Amino acid sequence: MKFRLIAAAALFASTGLMAPALAAKDKTPAPVTPAEPALPTVVDTDQSHQPENVLLLDLSNGGRVAIRLMPEWAPHHVERIKTLVAQGFYNGQIFHRVIDGFMAQTGDPTGTGQGGSPLPDLQAEFNAMPHLRGTVSMARTAEPNSANSQFFIVFYPRFALDHKYTVFGRVIAGMQYVDAIHRGEPPADPTKIVQASLASQNLAAPPAQTAPVAPAAPVTASQLSNSKSD
């Protein structure tokens with residue numbers, strides 16, 4: 001089509017017909033597509049600010065982890081986390097997939113990586129936020145729109161995950177307790193979330209659990225190899 005327009009312009013120019021009009025049309029500037037607004041990159045570490053957007057995870061290792069939820073990055077994913085926290089969904093769940101130097105994953109009530117909540121899967125909200133140390137991102141299957149309840153916390157930067165998984169928050173306190181989560185797929189003595197809450201709820205941390213915590217039913221490597229989440 002572009003070649004035809006150029007050829008027609010040459011023909012009209014040779015005959016003296018309509019050449020100025022065509023030239024004027026060619027000079028019309030192309031419409032400008034508005035740039036998407038830049039996402040905020042600064043994460044507020046003050047837990048007293050917008051406490052309704054601070055997720056608190058009280059772990060069985062005795063630590064409390066504070067995560068700043070960022071609805072500016074992924075509004076529907078943040079809303080999903082808040083909904084499940086309000087239901088008590090995460091209480092008692094284990095970190096079922098913990099890879100040293102990579103990440104700790106939780107949010108599956110079956111403890112196998114194959115489960116989720118009764119709520120429907122989410123549409124992806126991939127964004128430009130990098131997977132830095134302390135980044136909290138949503139797990140999913142090979143299908144982009146399959147995130148549901150499982151999420152993971154990154155130990156060390158993994159930029160290969162950027163734009164492929166939905167980042168919705170970042171650890172702002174207690175990263176040392178994330179580092180202490182027991183490794184394994186699944187761990188022999190998995191760390192669990194004793195209580196998940198929002199800072200706005202003002203819930204006291206439950207007593208620390210020092211004894212190893214086992215999943216309700218044995219989880220085998222075979223089950224994990226069929227995990228529905230990456």
Side-chain angles (χ1 to χ4, degrees), residues 38-98 103-109 111 116-119 122 125 127-140 147-157 165-182 190-210 213:
L39 297 177
T41 58
V42 177
V43 176
D44 189 350
T45 60
D46 190 332
Q47 298 181 42
S48 68
H49 296 166
Q50 296 185 330
E52 71 279 6
N53 285 327
V54 176
L55 172 63
L56 301 176
L57 302 180
D58 293 304
L59 306 185
S60 57
N61 62 18
R64 169 169 275 192
V65 179
I67 297 168
R68 172 65 67 182
L69 301 176
M70 297 293 292
E72 301 91 341
W73 297 350
H76 298 296
H77 285 67
V78 168
E79 186 59 33
R80 169 61 56 85
I81 295 295
K82 289 182 176 183
T83 297
L84 294 177
V85 167
Q87 295 174 356
F89 176 82
Y90 292 110
N91 296 345
Q93 292 194 19
I94 68 168
F95 284 87
H96 64 272
R97 185 175 184 230
V98 188
M103 58 88 210
Q105 185 170 328
T106 187
D108 173 13
S117 79
L119 300 176
L122 293 161
E125 293 180 300
N127 52 56
M129 295 301 105
H131 284 76
L132 306 170
R133 171 172 164 80
T135 289
V136 187
S137 192
M138 214 69 172
R140 62 173 179 82
N148 186 287
S149 63
Q150 294 188 45
F151 64 88
F152 59 94
I153 305 174
V154 180
F155 292 129
Y156 293 102
Y165 294 83
T166 297
V167 175
F168 65 89
R170 192 172 298 163
V171 173
I172 57 175
M175 190 64 194
Q176 70 272 26
Y177 302 116
V178 177
D179 290 333
I181 293 173
H182 294 172
T191 305
K192 76 174 183 178
I193 300 172
V194 179
Q195 175 180 272
S197 65
L198 298 177
S200 56
Q201 295 176 275
N202 294 312
L203 297 184
Q209 300 182 10
T210 56
V213 179

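Here the structure is a predicted model, which is why all the values come from computation and not from measurement. Excluded from the calculations below are hydrogen atoms, water molecules and symmetry mates; all remaining heavy atoms, backbone and side chain alike, are included.
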Pick out which of L56, V136, I172 makes a side chain to side chain contact (heavy atoms under 4.5 Å, CB included) with I67.
V136
Kindly assign one of parallel, tilted or perpendicular to the pair Y90 and F151, based on the angle between their ring planes and the thresholds 30° and 60°.
perpendicular
Is L39 close to M70 at the side-chain level, that is, under 4.5 Å between some pair of heavy atoms?
no
Once rounded to the nearest 0.5 Å, what's the spacing between atom CG of N61 and atom NE2 of H182?
7.0 Å
One pair to check against side chain to side chain donor-acceptor pair (under 3.5 Å): H49 and D44. What are the steps and the verdict?
CA-CA 8 Å; H49 296 166; D44 189 350; 2.8 Å; yes
Does NZ or CZ of R64 come closer than 6.0 Å to the centre of the six-membered ring of Y177, within 45° of the ring's axis?
no
Walk me through it: do I193 and L59 pass the test side chain to side chain contact (heavy atoms under 4.5 Å, CB included)?
CA-CA 5 Å; I193 300 172; L59 306 185; 4.2 Å; yes
Using every non-hydrogen atom in the two residues, find where P109 and G116 come nearest and quote the distance to one decimal.
CG-O, 3.6 Å
For F95, the ring-ring contact (aromatic ring centres under 6.0 Å, His included) test, sequence neighbours excluded, returns none
Between T166 and A74, what is the shortest heavy-atom contact and its length?
CG2-CB, 3.5 Å
Measure the shortest side-chain to side-chain distance between V167 and H131 over non-hydrogen atoms and say whether it is less than 4.5 angstrom.
yes
N148 CG to H77 NE2 distance, which is reported to the nearest 0.5 Å:
9.5 Å
OG1 of T106 to CZ of R97, rounded to nearest 0.5 Å, is 13.0 Å
Quick check for you: to the nearest 0.5 Å, what is the distance between T135 atom OG1 and F155 atom CZ?
13.0 Å
On a heavy-atom basis, the closest approach of P40 and E72 is CG-CB, 3.7 Å
Mind checking the CZ-NE2 spacing from F152 to H96? Nearest 0.5 Å is all I need.
11.0 Å
Chi angles and distances behind the side chain to side chain contact (heavy atoms under 4.5 Å, CB included) call for R80, S117:
CA-CA 10 Å; R80 169 61 56 85; S117 79; 4.3 Å; yes
Taking every non-hydrogen atom, the tightest pair across A196 and N91
N-OD1, 2.8 Å
Given N53, which partner from the list K82, R68, Q47 fulfils the side-chain hydrogen bond (donor to acceptor under 3.5 Å, both in side chains) test?
K82
If I compare all heavy atoms of H76 with all of L122, which pair ends up nearest, and what's the gap?
O-CD2, 4.1 Å
May I ask you to decide if A204's main-chain N or O and Q195's side chain share a donor-acceptor pair within less than 3.5 Å?
yes
W73 backbone acceptor or donor facing N127 side chain under 3.5 Å:
yes
Drop me the distance from L119's CG to Q87's CD, to the nearest 0.5 angstrom.
5.5 Å
Non-hydrogen atoms of G107 and F89 that approach each other most closely:
O-CE2, 3.7 Å
